[in-house]
Chemist: 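Below is a structure I'd like to ask you about.
Side-chain atoms are counted along with the backbone in the values below, which use heavy atoms only and exclude waters and symmetry mates. Source: prediction; values computed, not measured. We name chains A, B, ... by the order of the sequence lines, and we start the count at 1 in each one.
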Amino acid sequence: EAGVTQFPSHSVIEKGQTVTLRCDPISGHDNLYWYRRVMGKEIKFLLHFVKESKQDESGMPNNRFLAERTGGTYSTLKVQPAELEDSGVYFCASSQWDTQYFGPGTRLTVL
Amino acid sequence: QQQVKQSPQSLIVQKGGISIINCAYENTAFDYFPWYQQFPGKGPALLIAIRPDVSEKKEGRFTISFNKSAKQFSLHIMDSQPGDSATYFCAARKNYGGATNKLIFGTGTLLAVQP
């Protein structure tokens, strides 16, 4: 069974540019989560999809972040325009029950 | 305000020794406490988890000890091996009645097991 995949693995952009991160969850998992870890700090929740619906987006930092989950399958997280403080590792996780399975993350660097 | 506090930030243990990582929480509504292990370049992977109705759970060399009254839980790695060298995260989940299952993480502990 394929795990959670994320693309790209690394992204380096300049302040003001746009970046789109993609997550493919484990097939059949209704729940999809986005998290972010800023260097040395805790992994912080961003939002939670159940199928294509946003269940909880309380962790989204501001309206520069837009998440979508097309047809309840893969999800994208767009940052527009990117700021320096958006740098970090963005993790996607999926679950059907209790256990959340994490992808390898996308390391975003904003210069 | 950090809801789950984790210590130490880093830990060096000799091969065969016991590694102990501690976490404390404030919110009594938390009902599920997993530990995740992360190797460089990989995502966090569930190692072991416990619910507050038990005080200890053991899986192989890994044990969670849970103290509900003190609102603390810890991970013990017995007979630590160099292959255990990784970053460990504790986490907690609040019971929202099924509305959401977001995890609240500690800051992580970088464990190095020396041969």
Chemist: What about the rings of Y33(A) and F91(A), do their centers lie closer together than 6.0 Å?
Modeler: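 Judged by ring-centre distance (under 6.0 Å), Y33(A) and F91(A) do not meet the cut-off.
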Chemist: Non-hydrogen atoms of chain B under 4.5 Å away: do they reach the side chain of N31(A), the backbone, both or neither?
Modeler: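 Nothing of N31(A), per the 4.5 Å heavy-atom cut-off to chain B.
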Chemist: Can you tell me which portion of L46(B) sits under 4.5 Å from chain A's heavy atoms? Options are side chain, backbone, both or neither.
Modeler: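 Only the side chain of L46(B) comes within 4.5 Å of chain A.
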Chemist: Report the option among R51(B), Q9(B), Q6(B) that has the most heavy-atom pairs separated by less than 4.5 Å from atoms of chain A.
Modeler: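 Most heavy-atom pairs under 4.5 Å with chain A: R51(B).
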Chemist: Assign the ring pair Y35(A) / F105(B) to parallel, tilted or perpendicular, where the plane angle (0 to 90°) is split at 30° and 60°.
Modeler: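 Rings of Y35(A) and F105(B): perpendicular, over 60°.
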Chemist: Let me know if R107(A) has heavy atoms under 4.5 Å from chain B in its side chain, its backbone, both or neither.
Modeler: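 Looking at R107(A), nothing touches chain B.
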Chemist: Establish, yes or no, whether a centroid distance under 6.0 Å links the rings of W35(B) and F62(B).
Modeler: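 Aromatic pair excluded; centres sit 6.0 Å or further apart.
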Chemist: What part of P34(B) gets closer than 4.5 Å to chain A, counting heavy atoms only: side chain, backbone, both or neither?
Modeler: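 Interface part for P34(B): neither.
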Chemist: Would a line drawn from the ring center of F66(B) to the ring center of F33(B) be shorter than 6.0 Å?
Modeler: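 Aromatic pair counts; centres sit under 6.0 Å.
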Chemist: Considering only heavy atoms, which portion of S58(A) lies under 4.5 Å from any heavy atom of chain B: side chain, backbone, both, or neither?
Modeler: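 For S58(A), the contact with chain B is made by the side chain alone.
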Chemist: Is R93(B) positioned over the aromatic face of Y32(B), cation under 6.0 angstrom from the ring centre and no more than 45 degrees off axis?
Modeler: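 Positive - R93(B) is close enough to the ring of Y32(B) and near enough to its axis.
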